[in-house]
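Just so it is clear, the values below take in all heavy atoms, side chains as well, and ignore hydrogens, waters and symmetry mates.
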Amino acid sequence: MTSPLFRGRPRRAGPHLAVRVAHAALGGAAGFVWLVLPGMTPPADAPVAIITPSPAGGTVGTAAATAATNATDGDETSGADLVLPVAVVGAAGALAGYGYVRRRRRARSRTAPGAGRPGAPRAADAEAAAPAHGDGEAAALGHGGGEGHGDGVPGLVEAENRLLAAREELAFAEARGGPEAVAPWTRAVRDAEAELATAYAMRQRYDEGVPADAAERRHVLAGIAGRCQEVVRTLDAASAQWSVRAAQLPGALEVAEARFRELTARTPAVEATLSALHDRYAPAALDAVTGYPELAKDRLVLATTELNGARQASDLGRPTETTGHQRAAEGAIARAGVFLAETDRLARDLAEAARLVPAALTGAEAELAAHRAPAPAGGAPHAAPLLLHADAVLAAVRAEVTSGRPYDPLDLLRRVARATEPLTAGESGVLAAAAHLAAADSLAAAEAFLATHREGVRVTARTRLAEARRLFARGNAATQADRVRADDLAREARASAEQDVRLRGHQSAGAQQRPDGQMA
């Protein structure tokens, strides 16, 4: 998931100039070979004098005639040999001149990046063309910072990665000093979250084609880039104030080691939980967390290495090196914690969904029965196709529940909520609870995947996840349609993120970047 981030890259003058020079050099070399080759090749046959008898009974040598003939042949051959080299050199010069003129003409006619393309760009086109933008527009589309854009403007990807790292640091800082000690840092993180949420909402509307005017769309991109810069500025200011000082390093390492020991002791229990889930539910129900205990152990092994490195650097009096190892260890421990917590979270959600499925079926039947009642005079006609579809879905769900085979209760709730959503307001009741639980599961799974694989996840998946988060955050004000839409977007985000990571295989196991820039 070649990448659209690298499509549409503007051509540079350098490669074209090199091609023209190569063409000219090739033509010159060919001409030189054709000119020199005849002189270097010996004649196939030596000239032989023709002896003819003379009237006086003797022989007269015709050396003079032979020499004249050879001279004439040589002149003709030399003239023929010159034709092809001259033609080659001339053709190469013509091609080079044509390329130069065309390049100059194109440069004069180009007045703006992307000029000549009709219509305003949409999501895919805009993302592909992003490197051609200036003044932060590429960053607004997710190309800034670590996404291959060289203007130094942080983009959505970099801004969110910085926010995720700040949350991890904040958790360890709170464990060291308590909530009150890090209250200003907590406020800074919340401010950054609000800015980033607004930027992603703008990006979602942009992907949907709003606004349509090209000038207004450029203003939107500039606004997104500005908010990304504000996120990074806010986090940098907080980090400078609350970063670990040299005197605090021993205490920071103790907190990290304590968390490491806690997760190490917890890992076998999580493995047992996942094994029990496989015995109870369908394999598809556990796809989201398959392999998570193993990934957690990999991160803990890395944390062991980094903690040892931090201790050694601390003993040698190298605070900068100690801080680098300490942050790498905290990052690895944080990701291991996410892997383990996500497995436990899914176990709870599956158990809750299994209890809710029978009630959801009953509530759906009652909802459909109300729609089957005779319509009042002048009322709206019944949606017969929707009722038939809902009946078929409920029958299939009921058959799966009573089959005696393992099933995915979250998926069953999702199907019931989708089938009944067009027929009910769904603002409360068991169907609303079913839709809420399904959306919460999808959202949590996508959030965990992004947090643990963020180096490989691109901006489109992040944007869909942010929109799902926005819809889900409406709480009691959310409608059934909002919950279903949030569920769809979160699942789309997770699938897109997985595809991104598969294309960047070295990050598929949750690899992370250390403070020194190396991949851990």
State the CG-CG distance between Leu361 and Leu356, to the nearest 0.5 angstrom. 9.5 Å
Glu230/Arg227 ion pair, N-O < 4.0 Å: no
Residues Ala432 and Gln480: closest non-hydrogen pair is CA-OE1, 3.5 Å
Would you check if Leu465 and Arg469 make a side-chain contact, meaning some heavy-atom pair closer than 4.5 Å? yes
In the structure I gave you, are the side-chain heavy atoms of Arg327 and Glu169 within less than 4.5 Å of one another anywhere? yes
Flag side-chain contact, heavy atom, 4.5 Å: Leu394 against Leu368: yes
With sequence neighbours left out, what residues match Tyr281 under ring pair (Phe, Tyr, Trp, His ring centres under 6.0 Å)? none
Are the side chains of Leu346 and Leu410 in contact, using a 4.5 Å heavy-atom criterion? yes
Just to verify, what does Ala183 make a side-chain contact (heavy atoms from CB on, under 4.5 Å) with, not counting sequence neighbours? Arg187
If I take atom CZ from residue Arg414 and atom CG from residue Leu437, how far apart are they, to the nearest 0.5 angstrom? 9.0 Å
Taking salt bridge (Lys or Arg N to Asp or Glu O under 4.0 Å) as the cut-off, I'd like each qualifying pair that reaches into residues 396-408, sequence neighbours left out, listed once. Glu365-Arg398, Glu400-Arg415
Closest approach of Leu156 to Ala199 (non-hydrogen atoms, all atoms of both residues): CD2-CB, 3.8 Å
Considering all heavy atoms, the nearest Pro211-Glu216 contact: CB-OE1, 3.2 Å
What do the steps show when you test Leu450 against Leu164 for side chain to side chain contact (heavy atoms under 4.5 Å, CB included), and what is the final call? CA-CA 9 Å; Leu450 173 60; Leu164 292 171; 4.2 Å; yes
Looking at Arg494 and Glu342, is there a salt bridge between them, counting it only when a charged N and a carboxylate O are closer than 4.0 Å? no
Tyr200: which residues meet the ring pair (Phe, Tyr, Trp, His ring centres under 6.0 Å) condition with it, sequence neighbours left out? none
Got a sec: does the NE2 of His278 have more than 12 other heavy atoms crowding it under 6.0 Å? yes
Between OG1 of Thr305 and CG of Leu300, what distance do you get to the nearest 0.5 Å? 11.0 Å
Is any side-chain heavy atom of Arg504 closer than 4.5 Å to one of Arg458? yes
I'd like to check the side-chain contact (heavy atoms from CB on, under 4.5 Å) partners of Val189; sequence neighbours left out, ordered by chain and number. Leu163, Ala166, Arg167, Leu170, Trp185, Glu193, Leu235
Take atom CZ of Arg190 as the centre, draw a 6.0 Å sphere, and report whether it contains more than 12 heavy atoms from other residues, nucleotides or ligands. no
Report, one line per pair, each donor and acceptor closer than 3.5 Å where one atom sits in a side chain of residues 247-274; sequence neighbours left out.
unit_1: Gln248; atom_1: OE1; unit_2: Arg245; atom_2: N; d: 2.9
unit_1: Glu257; atom_1: OE1; unit_2: Arg311; atom_2: NH2; d: 3.1
unit_1: Glu257; atom_1: OE2; unit_2: Arg311; atom_2: NE; d: 3.0
unit_1: Arg259; atom_1: NH1; unit_2: Glu262; atom_2: OE1; d: 3.3
unit_1: Arg259; atom_1: NH1; unit_2: Glu262; atom_2: OE2; d: 2.9
unit_1: Thr264; atom_1: OG1; unit_2: Phe260; atom_2: O; d: 2.8
unit_1: Arg266; atom_1: NH2; unit_2: Asp344; atom_2: OD2; d: 3.1
unit_1: Thr267; atom_1: OG1; unit_2: Leu263; atom_2: O; d: 2.8
unit_1: Glu271; atom_1: OE2; unit_2: Lys297; atom_2: NZ; d: 2.8
unit_1: Thr273; atom_1: OG1; unit_2: Ala269; atom_2: O; d: 3.0

Quick check: does any side chain N or O of Arg335 sit under 3.5 Å from a backbone N or O of Thr452, one acting as donor and the other as acceptor? yes
With sequence neighbours left out, write down each residue that passes side-chain hydrogen bond (donor to acceptor under 3.5 Å, both in side chains) with Arg462, or none if nothing qualifies. Glu160, Asn161
Can you list the residues that meet the side-chain contact (heavy atoms from CB on, under 4.5 Å) rule with Ala188, with sequence neighbours excluded? Thr234, Ala238
So, using salt bridge (charged side-chain N to carboxylate O under 4.0 Å, His left out) as the criterion, who are the partners of Arg205 when residues are at least two apart? Glu208, Glu467
Would you give the length of the straight line joining atom OG1 of Thr323 to atom CD of Glu330, rounded to the nearest 0.5 angstrom? 10.0 Å
Check whether any side-chain heavy atom of Phe449 lies under 4.5 Å from a side-chain heavy atom of Val501, and answer yes or no. yes
Closest non-hydrogen atom pair, Ala390 against Leu423: CB-CD1, 4.3 Å
side-chain hydrogen bond (donor to acceptor under 3.5 Å, both in side chains) involving Arg176 - partner list, sequence neighbours excluded: none
Under 4.5 Å between any side-chain heavy atoms of Arg491 and Asp487, yes or no? yes
To the nearest 0.5 Å, what is the distance between CG (Leu443) and CG (Leu489)? 10.0 Å
Step by step, work out the side chain to side chain contact (heavy atoms under 4.5 Å, CB included) result for Val401 and Leu412. CA-CA 9 Å; Val401 170; Leu412 298 188; 3.6 Å; yes
Is a side-chain N or O of Asp298 found less than 3.5 angstrom from the main chain of Leu295, in a donor-acceptor match? no
Hits for side-chain contact (heavy atoms from CB on, under 4.5 Å) against Ala451, two or more places apart or cross-chain, chain-then-number order -> none
To the nearest 0.5 Å, what is the distance between CD (Glu367) and CD (Glu421)? 11.5 Å
Do Arg162 and Ser239 have a side chain donor and acceptor closer than 3.5 Å? no
Only pairs under 3.5 Å count here: list side-chain donor-acceptor contacts from residues 347-354, not counting sequence neighbours, and write none if there are none.
unit_1: Asp349; atom_1: OD2; unit_2: Arg345; atom_2: NH1; d: 2.7
unit_1: Glu352; atom_1: OE1; unit_2: Arg355; atom_2: NH2; d: 2.7

Are the side chain of Ser496 and the backbone of Glu492 linked by a donor-acceptor contact shorter than 3.5 Å? no
Quick one: closest heavy-atom pair of Pro422 and Ala419, and the distance? CD-O, 3.7 Å
State, with a plain yes or no, whether a side-chain heavy atom of Thr460 is found less than 4.5 Å away from one of Asp500. no
Does the side chain to side chain contact (heavy atoms under 4.5 Å, CB included) test come out yes or no for Val157 and Val457, once each step is laid out? CA-CA 8 Å; Val157 171; Val457 180; over 6 Å; no
